[in-house]
Amino acid sequence: MSIEETDSQVVITHPSNSNTSVTILKYGATVTSWKLNGEEQLWLSTAAKLDGSKPVRGGIPLVFPVFGKNQNDELLSKLPQHGFARNSTWEFLGQVKSNPPTVQFGLNPKIANQELVKLWPLDFNLILTIELGEDFLKTAIEVENASEENMKFNWLFHTYLHIEDIEDTMVSNLVGMKVYDQLLKESFIDKHPVVTFHQETDSIYQNVDSDRLIQVVGKGKPLHTVKRENLPDAVVWNPWVDKSAGMGDFEPKDGFKNMVCVEPGHVSDFVVLPPGQKWSAAQILSKQELNYQAIEP
Ligand code: TA6
């Protein structure tokens with residue numbers, strides 16, 4: 001296993017397979033690539049800014065302390081959409097396990113984006129742990145409230161998954177779940193057996209049982225499985241034609257055909273963490289291979 005650190009990023013290669021690797025940009029502690037046996041699992045815009053000038057368009061941006069643009073909380077409403085974790089350069093804390101290779105990144109008010117963190121004057125310690133398995137990637141977060149008052153926050157992994165064709169892709173295991181449609185601005189129970197895509201989709205699935213593995217299936221093949229730990233919600237997003245056209249850092253413009261966001265989070269209400277307490281959560285991404293062995297005639 002190797003860990004290569006440069007000024008801007010860290011690359012981890014699995015000890016058992018040099019074609020399995022993960023790349024983390026220190027800016028936003030953003031996973032920008034996860035290759036499983038040489039095959040890229042994430043989508044990254046070819047116009048993504050990787051120089052710290054704006055949050056990365058693709059990979060796994062981190063959303064904290066607020067999901068979306070808050071309109072009514074005194075402090076959170078001052079922050080930009082999705083908060084400041086993805087706009088801050090995190091500290092690489094090093095390797096914590098050799099197999100599966102596991103590394104950590106940290107963020108606190110002293111090193112966070114100073115222009116933004118001053119808008120949210122609470123003391124905190126974030127530790128992101130990234131574990132590269134032979135056939136999975138686990139990203140885990142620990143939030144410590146180092147303030148003297150309760151800390152109210154959202155957390156979300158804004159995961160951009162690579163797919164082959166959005167119109168031939170479905171997201172399963174969300175049937176019967178309550179969903180808030182961010183476009184219709186209304187809530188309902190989703191009775192569709194699977195989520196399919198034929199227009200912009202921006203749905204917050206709420207309180208999804210933690211034993212529900214969310215699966216992305218493309219052309220009948222299981223492409224991705226998303227397991228959540230302590231993250232009750234899952235956002236499903238595809239920008240489709242017009243929204244893609246309107247994002248300067250979204251390229252190629254038809255790239256929406258090759259990505260779907262499945263975003264584990266705690267976003268339909270706030271985590272309220274008492275002083276001195278810690279909160280943790282994780283997503284585990286894996287690729288389900290069809291283990292089909294033809295029976296010799
Ligand atoms: O997670 C879905 C979402 O909240 C969408 O509403 C869309 O805004 C997307 O995030 C991307 O947001 P961004 O700030 O990265 O352009």
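One-based numbering, in listed order, for ligands and for the atoms of each. Just so you know, these numbers use all the heavy atoms, side chains as well, and skip hydrogens, waters and symmetry mates.
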Discussion item. Within the 3.5 Å criterion, strictly below it, is a donor on N17 or N37 matched to an acceptor on the partner's side chain?
Written reply: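 Looking only at side-chain atoms, N37 and N17 do form a donor-acceptor pair, the distance falling under 3.5 Å.
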
Discussion item. For a quick check under 3.5 Å, do S268 and D233 share a side-chain donor-acceptor pair by atom type?
Written reply: yes

Practice prompt. Tell me which part of K54 gets within contact of ligand 1: side chain, backbone, both or neither, using heavy atoms under 4.0 Å.
Written response: neither

Item to complete: Measure centre to centre between the rings of W279 and F153, then say whether the value is under 6.0 Å.
Response: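 W279 vs F153: aromatic centres under 6.0 Å.
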
Worksheet item: Does I189 share a hydrophobic cluster with I214, counting links as ILVMFWY side-chain heavy atoms below 4.5 Å and allowing steps through other members?
Response: no

Worksheet item: Which of these, Q81, R86, H82, has its nearest heavy atom closest to atom 15 (O) of ligand 1?
Response: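 Nearest heavy atom to atom 15 (O) of ligand 1 lies in R86.
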
Discussion item. Out of V235, L183, D202, who is nearest to atom 5 (C) of ligand 1 when you count heavy atoms only?
Written reply: D202

Practice prompt. May I ask you to decide if the ring planes of Y160 and W43 are parallel, tilted or perpendicular, using 30° and 60° as cut-offs?
Written response: parallel

Worksheet item: Can you list the ligand 1 atoms lying under 4.0 Å from a non-hydrogen atom of F67?
Response: 1 (O), 4 (O)

Worksheet entry | Shortest protein contact, atom 1 (O) of ligand 1 (heavy atom only) | E263 OE1, 2.6 Å

Worksheet item: What is the nearest protein non-hydrogen atom to atom 16 (O) of ligand 1, stated with its residue, atom name and distance?
Response: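 Checked against all protein heavy atoms, atom 16 (O) of ligand 1 sits closest to R57 NH2, 3.0 Å.
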
